[in-house]
Protein chains: 2
Amino acid sequence: MRSVHPDDRADADLTAQAKIRNAAIAQFATDGFQKTNLRAIAAEAGVSASLVIHHFGSKEKLRMICDEYVLEVLLARTRSDSSVTGMRDVVSEYLADPTEYHLEVQYMARAIAEDSPAAARFADSMVNESEAILRAGILDGSMRPSSDPRALAVLTVLTSLAMLTIPRALARAFGPDISGPAAMKRIALPTLEIYTHGLYANDTFLTAVTDLLVTAQPDQGSNDD
Amino acid sequence: MRSVHPDDRADADLTAQAKIRNAAIAQFATDGFQKTNLRAIAAEAGVSASLVIHHFGSKEKLRMICDEYVLEVLLARTRSDSSVTGMRDVVSEYLADPTEYHLEVQYMARAIAEDSPAAARFADSMVNESEAILRAGILDGSMRPSSDPRALAVLTVLTSLAMLTIPRALARAFGPDISGPAAMKRIALPTLEIYTHGLYANDTFLTAVTDLLVTAQPDQGSNDD
DNA sequence: GGGTGTACTGAACGCATGTTCAACAGACTA
DNA sequence: TAGTCTGTTGAACATGCGTTCAGTACACCC
């Protein structure tokens, strides 16, 4: 159930290298890089731990290969998918079909959260695509103009990733044994409501803050930690 | 610079137990539980690793003590603070004064993300307070009514935590060497804009989805993974 | 057949790290 | 002074895990 492409090719047909890579992707995605150990990956791939090292050199290099592979898979999907939805709209895609690319998206979220070597590239892909979509939407009038489209793009990516990796403890706020995907589904509608009408009934907060920013004009980047 | 209460009491005045606890809270908050090792905690507290075990029994028990302590500190703040802002409005509080309770809030976010023993209690506190605030706001007309206030509460907590723990890779979308707090500041305004006016210029998406939900009425909780 | 190279394995090594243990110093008590 | 209890330490132990190594099986080539 943990194969990267459960539909097309069976595990048995894959080379040992591919089986190891797929097992690693699955375990890195679900358990994280640090927590996953080579022997578990080897066991799931049906090989010995030594073979993992033999083929990939080290655990760290294995992670890099996995990063590249997942990145390529997701980018390939984006390119092949003629619709406008790119890597950014992962949540809507996920809600539409949770099984497809489930693992890859989860892997990416983990990679960004754990700051893996390719994390910056994952993040940049998402943010850039998101920004393009937002700018296009603003131009064609389907989205409201933003004071900072770049930051808006980062915000949407951030919330999307958060929803994809919703912590168990938070999901349990819906009930003792609710699943992550189920929690996501329940959150989807309020998200859409906020994205459509906002949360506040009036703009007192917003105007107050914007006035504050205009009058005070603090030097941006005052990091006094 | 890592003391829990940098303002009131100096580290030198604390008992060894307190110094260990504070060092543990700081390191758990910044590096995570798994990544932190007892010798590093002991070093920061200026004691030996054995003493940590002597006072707390095990690393896991130390974590539980830290959980309790931070939870109590944050709840005490909520109670003492006569304003309406509870644990939920952590982001606004943080933006107003990043140094106060910085560590505790960071600790909580980590605890929830890593599913620490007290994670559910942290999350429940946040969600319940958030829900109360939202319901109050809806009642007094300052906030728009929601189809699912509970889910809305979870959503706001989720996004708040995500902003507090924004991954480096995402923050770097603003520039190669931008800090987490700086990224948060830049995201704050778009967040407020969305919370005030939404993102979409019209409600086609929302009506489409609500229509879909009304007609299809899928059995909620169909977890086919 | 003999040589060479590749896929693969089990055992072992080395290091990090949580934990245990024996010991010591100082305070308090009898 | 002797005894005991607490705070504290350094060394050692045990385990987990990434990695190394010697060796086996098998294929391909001369």
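Keep in mind that what you see is a predicted model, and the values were worked out from it rather than measured. Note on naming: letters A, B, ... go to the chains in the order of the sequence lines (proteins, then strands), and numbering restarts at 1 for each one.
In this structure, A/Lys59 and B/Gly46 both approach DNA chain D, and ranking their closest nucleotides by distance from the 5' end singles out B/Gly46.
For the side chain to side chain donor-acceptor pair (under 3.5 Å) test, no residue two or more places apart in sequence or in another chain qualifies with A/His54. Residues that satisfy the side chain to side chain donor-acceptor pair (under 3.5 Å) test with A/Glu72, not counting sequence neighbours, are absent from this structure. B/Arg63 pairs by the salt bridge (Lys or Arg N to Asp or Glu O under 4.0 Å) definition with B/Glu60, B/Glu114, not counting sequence neighbours. Residues passing the side chain to side chain donor-acceptor pair (under 3.5 Å) test with A/Asn37, sequence neighbours excluded: none.
Residue pairs meeting the salt bridge (Lys or Arg N to Asp or Glu O under 4.0 Å) criterion with at least one member in residues 155-179 of chain A, sequence neighbours excluded: A/Arg172-B/Asp115. Applying the salt bridge (Lys or Arg N to Asp or Glu O under 4.0 Å) test to every pair with at least one member in residues 150-163 of chain B, sequence neighbours left out, gives these pairs: B/Glu131-B/Arg150. Within the structure, the salt bridge (Lys or Arg N to Asp or Glu O under 4.0 Å) test picks out no pair touching residues 34-43 of chain B (sequence neighbours left out).
Note: NZ (A/Lys35) to C1' (D/dC17) measures 16 Å, nearest angstrom. A straight line from CD of A/Glu60 to P of D/dC17 spans 17 Å, rounded to a whole angstrom. Between B/Ile20 atom CD1 and D/dG7 atom P there is a gap of 11 Å when expressed in whole angstrom units. Rounded to whole angstrom, the span from the CD atom of A/Gln34 across to the P atom of D/dG16 amounts to 17 Å. In this entry the distance linking CG of A/Leu38 with C1' of C/dC8 reads 16 Å, nearest Å. Protein atom NZ of A/Lys19 is 14 Å distant from nucleotide atom P of C/dA7, rounded to whole Å. Atom CZ of A/Phe28 is separated from atom C1' of D/dG18 by 12 Å (rounded to the nearest Å). Rounding to whole angstrom units, CD1 of residue A/Ile41 and P of D/dC17 are separated by 12 Å.
In the region residues 47-57 of chain B, proximity to DNA chain D at under 4.0 angstrom, judged on heavy atoms, holds for B/Val47, B/Ser48, B/Ser50, B/Leu51, B/His54, B/His55.
With axes fitted over five pairs at each extremity, the angle between the ends of the helix from C/dG1-D/dC30 to C/dA30-D/dT1 is 30° (10° resolution).
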- Query: Which is it for A/Gln27 and A/Glu44 under the side chain to side chain donor-acceptor pair (under 3.5 Å) test, yes or no, and what are the steps along the way?
  - Reply: CA-CA 9 Å; A/Gln27 299 206 15; A/Glu44 186 175 321; 2.8 Å; yes
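A donor-acceptor contact under 3.5 Å is not formed by the side chain of A/Arg39 with the base of C/dT9.
In this structure, B/Thr165 contributes its side chain and B/Leu161 its backbone to a donor-acceptor pair below 3.5 Å.
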